[in-house]
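I have placed the structure first, in the form of structure tokens, so that the comments after it can refer back to it.
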Amino acid sequence: MNRVFLGVTGASGAPYAARALEALCEAGCDVGLCVSQSGAHVVAHELLGRGPRRPADPDEVVGELVQRHGHAERVEVLGLDDMTSPFASGSSLRSAALIVPCSGSTLGAIACGTGHNLIHRCADVMLKERRRLVLVPRETPLSPIYLDNLATVARAGAVVLPASPGFYTLPQTVDDMVDFVVGKALDALGVSHRLLRRWGEGAPLESAP
Ligand SMILES: Cc1cc2nc3c(=O)[nH]c(=O)nc-3n(C[C@H](O)[C@H](O)[C@H](O)COP(=O)(O)O)c2cc1C
């Protein structure tokens with residue numbers, strides 16, 4: 001898998017997006033990065049230390065995200081409204097898509113097929129072409145509407161991979177927990193990585209003293 005669309009939407013969890021960008025680049029993938037307006041707002045707040053109420057300039061935020069976490073030569077920044085992107089067409093053999101974090105709003109648009117931006121459209125294309133689509137939703141608690149939408153996209157072929165780190169790997173840091181979720185997402189995409197320790201492999205896991 002070497003062409004991956006990475007959609008970043010306005011749910012909490014920007015560190016997952018940053019780590020995914022980094023890990024995909026390190027795995028040798030060419031990444032098409034598309035960030036929603038709300039996604040840029042959350043990245044600015046959670047990663048770049050901007051105040052929660054300060055409006056974010058999406059271009060500036062995406063530029064910083066790529067500079068800090070991507071390998072610029074591997075990343076193509078895609079406009080949210082750019083329906084001329086190859087990722088908007090099923091005829092283009094772009095191979096897989098990851099939306100992390102995936103907001104309830106984006107989830108709803110995908111589940112209902114009423115998308116209006118490139119992130120929604122790319123997800124739609126992946127589903128209709130039976131290609132890999134991995135969604136990392138983050139919300140709690142979950143309403144019946146949200147649960148129905150998750151079931152709908154899962155039935156349509158998406159991998160629903162909640163941002164819920166495991167503790168059986170005995171994480172020591174927040175980064176370990178982020179890596180767990182991103183590692184599982186890359187597994188689902190078919191991209192190799194060394195982000196998480198696999199159960200039963202390597203030295204036995206032990207608690208920190
Ligand atoms: C700081 C912040 C955190 C948010 N966290 C979540 C969240 O965890 N899950 C969610 O579904 N929406 C969350 N939202 C709301 C979404 O950003 C909002 O529904 C937005 O319309 C999503 O648009 P998008 O899907 O185009 O990015 C959050 C908004 C802000 C400002």
Side-chain angles (χ1 to χ4, degrees), residues 4-21 31-66 68-70 75 77-83 85 87-88 97-127 133-154 156 158-165 174-175 177-182 184-185:
V4 177
F5 177 91
L6 176 59
V8 179
T9 70
S12 182
Y16 295 120
R19 191 67 174 122
L21 177 63
V31 181
L33 174 66
C34 189
V35 182
S36 72
Q37 176 80 47
S38 298
H41 191 95
V42 176
V43 168
H45 174 52
E46 293 184 346
L47 283 181
L48 308 180
R50 314 269 164 82
R53 301 194 68 85
R54 215 177 116 187
D57 172 350
D59 292 341
E60 188 193 324
V61 169
V62 174
E64 281 198 49
L65 184 65
V66 173
R68 288 195 196 184
H69 302 279
V75 182
V77 175
L78 305 164
L80 189 62
D81 298 318
D82 184 7
M83 294 298 179
S85 162
F87 285 107
L98 168 63
I99 301 180
V100 58
C102 181
S103 73
S105 164
T106 288
L107 170 69
I110 297 168
C112 297
T114 55
H116 53 79
N117 67 34
L118 181 59
I119 297 175
H120 309 153
R121 172 63 187 163
C122 177
D124 209 21
V125 167
M126 294 295 149
L127 293 178
L133 170 64
V134 180
L135 305 179
V136 182
R138 210 254 32 126
E139 188 52 274
T140 196
L142 300 176
S143 72
I145 296 170
Y146 202 114
L147 289 166
D148 282 348
N149 286 339
L150 289 175
T152 299
V153 296
V159 175
V160 173
L161 200 144
S164 62
V174 172
D175 284 349
M177 295 161 80
V178 169
D179 280 0
F180 179 94
V181 171
V182 174
K184 295 285 284 183

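Each ligand, and each atom within it, is numbered from 1 in the order the structure gives. The figures that follow rest on heavy atoms only: side chains count, while hydrogens, waters and symmetry mates do not.
- Atom CZ in Arg68 sits 5.0 Å away from atom CG in Leu48 (nearest 0.5 Å).
- With rounding to the nearest 0.5 Å, the separation of CD1 in Ile110 from CG in Leu150 is 10.5 Å.
- For the atom pair CG (Leu33) and NE2 (His69), the distance works out to 11.5 Å, reported to the nearest 0.5 Å.
- The closest side-chain heavy-atom distance from Ser164 to Val181 is not below 4.5 Å.
- Residue Val42 holds the heavy atom nearest to atom 3 (C) of ligand 1 of all those in Val42, Val35, Val43.
- Ligand 1 has no nitrogen or oxygen under 3.5 angstrom from a nitrogen or oxygen of His41.
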Exercise answer: donor-acceptor pairs, residues 135-143 side-chain atoms, under 3.5 Å, sequence neighbours excluded:
| from | atom 1 | to | atom 2 | distance (Å) |
| --- | --- | --- | --- | --- |
| Ser143 | OG | Ile145 | N | 3.3 |
| Ser143 | OG | Tyr146 | N | 3.2 |

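- Of all atoms in ligand 1, listed by their number and element, those nearer than 4.0 Å to a heavy atom of Ser38 are 17 (O), 20 (C), 21 (O), 22 (C), 23 (O), 27 (O).
- The closest heavy-atom contact to atom 13 (C) of ligand 1, among the options Gly39, Ala109, Gly10, Gly7, comes from Gly10.
- Less than 4.0 angstrom separates some heavy atom of Ser36 from each of these atoms of ligand 1: 24 (P), 26 (O), 27 (O).
- Within ligand 1, the atoms closer than 4.0 Å to a non-hydrogen atom of Thr9 are 25 (O), 27 (O), numbered from 1 in the order shown.
- Applying the side chain to side chain donor-acceptor pair (under 3.5 Å) definition to pairs two or more places apart or across chains, those involving residues 107-127 are Asn117-His120.
- Ligand 1 has no nitrogen or oxygen under 3.5 angstrom from a nitrogen or oxygen of Tyr146.
- Residues Val153 and Leu133 have side chains not in contact (no heavy-atom distance under 4.5 Å, counting atoms from C-beta outward).
- The distance from ligand 1 to the heavy atoms of Gly104 drops below 4.0 Å at these ligand atoms: 10 (C), 11 (O).
- Considering backbone and side-chain atoms alike, His45 places every N or O at 3.5 Å or more from each N or O of ligand 1.
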